[in-house]
Peer 1: 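To start, I am sharing the structure in question, which I have written as structure tokens.
Note that these values count all heavy atoms, side chains included, but never hydrogens, waters or copies made by symmetry. Throughout, a chain's letter reflects where its sequence line sits, starting with A, and its residues are numbered from 1.
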2 protein chains.
Amino acid sequence: MRIGELAERTGVSVRALRYYEEQGLLASERSESGQRRYIENAVGRVRLIQQLYAAGISSASILEMLPCVVTGVAAPEVLAKLHGHRSSVVKQIEELQETLLQLDTVIAGATKAYATGVPCPPG
Amino acid sequence: MRIGELAERTGVSVRALRYYEEQGLLASERSESGQRRYIENAVGRVRLIQQLYAAGISSASILEMLPCVVTGVAAPEVLAKLHGHRSSVVKQIEELQETLLQLDTVIAGATKAYATGVPCPPG
DNA sequence: GCTACCTCTGACGTCAATGTCAGTTTTCTA
DNA sequence: TAGAAAACTGACATTGACGTCAGAGGTAGC
């Protein structure tokens, strides 16, 4: 498929897809005239990249771990980094859960207080 | 306390603290000579700010919700945004949990495969 | 009162993942 | 076979949360 279709199917901009390629994260064949052609597989790959980005993992780290994701095999060095990222993700989840509690407290309190008729200046 | 102490106690840089003030997120008294003085309370405030930042909430949004966090009261408009942020945090947690599963799969596979003697090129 | 560290303002630098624009070439559709 | 739509490269712009530096003034221990 061409880049526009991949963009549409993944919800990622064309510019971003070119950037992924630039970073070595996403491969493409080229047509005679030089246009990028992607295999079906690319859709899943792009989603994976987005997921890892969302976890705060940098392009460089993703680049390092991608071959292992694909082949399912990793050298000890890489494996150690994978464990590191795992820990980081776990920590992020814990922190977000704590944030959620705080937000819930605020929401509960604010809802109740507002019902009693003491408004807070709106933004 | 002075800015250096607050920085040390919160683990946040002096520069960041000034930035928070610039954004209206953190108040300070000033000494005669113009140096910032913080009350004990500031420590908790800074931690809260960090937590909200970590949840991907922007300065502007934090600024909007902070008075409500403090007073426990929010206008409906603000309350709606709080719910919006709550949803966003929930979604982030779900996505991170999915990422965690993926990472675990990779780690499990890679560990096992490496044990069988088929290394992946290291970074 | 000296010295070493702390703090101030202001301004420019950084970094990563894009956005955006320009000028050109390819590809699809009528 | 036009003409519109999509893709190309290359380069500069953006955004947010700071880092960093310069030059000047404040503060605390001896």
Side-chain angles (χ1 to χ4, degrees), chain A residues 1-39 42-43 45-66 81 85 88-89 92 95-96 99, chain B residues 1-39 42 45-66 85 88-89 92 95 99 123:
Chain A
M1 81 194 78
R2 296 200 293 164
I3 197 169
E5 187 184 341
L6 183 56
E8 197 173 354
R9 286 179 58 183
T10 56
V12 167
S13 74
V14 167
R15 176 67 179 88
L17 294 177
R18 294 204 189 102
Y19 174 76
Y20 296 168
E21 179 167 326
E22 202 177 311
Q23 299 302 304
L25 303 178
L26 181 64
S28 69
E29 305 271 292
R30 294 299 182 115
S31 72
E32 290 245 323
S33 66
Q35 290 201 351
R36 294 170 179 82
R37 293 298 140 93
Y38 299 94
I39 55 176
V43 175
R45 168 64 69 107
V46 170
R47 294 205 175 121
L48 177 60
I49 293 170
Q50 284 271 302
Q51 203 164 50
L52 295 175
Y53 272 146
I57 300 173
S58 70
S59 313
S61 293
I62 296 178
L63 181 56
E64 195 174 52
M65 71 171 69
L66 265 185
K81 293 201 179 177
H85 288 305
S88 159
V89 172
Q92 281 180 66
E95 285 174 359
L96 283 178
T99 303
Chain B
M1 81 195 79
R2 294 200 294 165
I3 199 169
E5 187 183 340
L6 182 57
E8 196 171 355
R9 287 179 57 185
T10 57
V12 167
S13 74
V14 167
R15 176 67 179 89
L17 293 177
R18 294 203 190 102
Y19 174 76
Y20 295 167
E21 180 167 326
E22 203 177 311
Q23 301 300 306
L25 303 178
L26 182 63
S28 69
E29 305 271 292
R30 294 298 183 117
S31 73
E32 290 244 323
S33 65
Q35 290 199 352
R36 294 172 179 82
R37 292 300 140 92
Y38 298 94
I39 57 177
R45 168 66 67 108
V46 170
R47 295 204 174 123
L48 177 60
I49 294 170
Q50 285 271 303
Q51 204 164 50
L52 295 175
Y53 271 145
I57 299 173
S58 71
S59 313
S61 293
I62 295 178
L63 181 57
E64 195 175 52
M65 71 171 68
L66 266 184
H85 287 306
S88 158
V89 171
Q92 281 179 66
E95 284 173 0
T99 303

Peer 1: For DNA chain D, which residues of residues 45-55 of chain A approach it to below 4.0 angstrom with any heavy atom?
Peer 2: none
Peer 1: Hey, could you give me the CD/CD1 distance between Glu64(A) and Ile57(A), rounded to the nearest 0.5 Å?
Peer 2: 11.0 Å
Peer 1: Here's a test of your reading of the structure: between Leu17(A) and Gly34(A), which maps to the more 5' nucleotide of DNA chain C?
Peer 2: Leu17(A)
Peer 1: Return the CZ to CD1 distance between Arg15(A) and Ile3(A), rounded to the nearest 0.5 Å.
Peer 2: 10.0 Å
Peer 1: Does dG16(D) have OP1 or OP2 sitting under 4.0 Å from an N or O in the side chain of Ser59(B)?
Peer 2: no
Peer 1: Can you measure Arg36(A) atom CZ to dT27(C) atom P for me and round it to whole angstrom units?
Peer 2: 14 Å
Peer 1: DNA chain D in dot-bracket, Watson-Crick or G-U pairs under 3.5 Å, [ ] crossing, | other strand?
Peer 2: ||||||||||||||||||||||||||||||
Peer 1: Could you tell me the separation between the CD1 atom of Ile62(A) and the OH atom of Tyr53(A), rounded to the nearest 0.5 Å?
Peer 2: 5.0 Å
Peer 1: Quick check for you: to the nearest 0.5 Å, what is the distance between Leu63(B) atom CG and Leu52(B) atom CG?
Peer 2: 12.0 Å
Peer 1: Under a 3.5 Å distance rule, please check whether Gln92(A) uses its side chain to pair with a backbone N or O of Ala55(A) as donor and acceptor.
Peer 2: yes
Peer 1: Describe the nucleic acid contact of Arg18(B) in one word from base, sugar-phosphate, nothing, applying a heavy-atom distance below 4.0 Å.
Peer 2: base
Peer 1: Could you give the CG-to-C1' distance, from Leu6(B) to dC8(C), as a whole number of Å?
Peer 2: 16 Å
Peer 1: Nearest 0.5 Å please: distance from the NE2 atom of His85(B) over to the OG1 atom of Thr99(A).
Peer 2: 12.5 Å
Peer 1: What is the distance from CD1 of Ile3(A) to C1' of dT26(C), rounded to the nearest Å?
Peer 2: 14 Å
Peer 1: Using whole Å, report how far CD of Glu21(B) lies from C1' of dC8(C).
Peer 2: 11 Å
Peer 1: What's the closest nucleotide to the side chain of Gln35(B) if the choices are dC6(C), dG16(D), dT9(C)?
Peer 2: dC6(C)
Peer 1: Which value, rounded to the nearest 0.5 Å, describes the distance between Arg47(A) atom CZ and Gln51(A) atom CD?
Peer 2: 10.5 Å
Peer 1: What is the distance from CG of Leu26(B) to P of dA17(D), rounded to the nearest Å?
Peer 2: 15 Å
Peer 1: Can you say whether a donor on the side chain of Arg15(B) sits under 3.5 Å from an acceptor on the base of dT20(D), or the other way round?
Peer 2: yes
Peer 1: Using distance alone, with no hydrogens and no angle criterion, decide if Gln50(A) and Thr10(A) have a side-chain donor and acceptor under 3.5 Å apart.
Peer 2: no
Peer 1: Examine dA7(D): is either OP1 or OP2 under 4.0 Å from a nitrogen or oxygen in the side chain of Ser33(A)? Give yes or no.
Peer 2: no
Peer 1: Consider salt bridge (Lys or Arg N to Asp or Glu O under 4.0 Å). Of Glu21(B), Glu22(B), Glu5(B), Glu29(B), which one does Arg36(B) pass it with?
Peer 2: Glu21(B)
Peer 1: Which is more 5' along DNA chain D, the nucleotide nearest Arg2(A) or the one nearest Ser31(B)? Just name the residue.
Peer 2: Arg2(A)
Peer 1: Nearest-nucleotide wise, let me know which of Arg37(A) and Ala16(A) is further upstream toward the 5' end of DNA chain C.
Peer 2: Ala16(A)
Peer 1: Whole angstrom is fine here: how far is it from CE in Met1(B) over to P in dT7(C)?
Peer 2: 12 Å
Peer 1: When you check the side-chain N and O atoms of Tyr20(B) and Ser59(B), is any donor under 3.5 Å from an acceptor?
Peer 2: no
Peer 1: Is the phosphate of dC18(D), meaning OP1 or OP2, less than 4.0 Å from a side-chain N or O of Tyr19(B)?
Peer 2: no
Peer 1: Rounded to the Å, how far apart are Arg30(B) CZ and dT7(C) C1'?
Peer 2: 10 Å
Peer 1: Could you tell me the separation between the CD1 atom of Ile57(A) and the P atom of dA16(C), rounded to a whole number of Å?
Peer 2: 15 Å
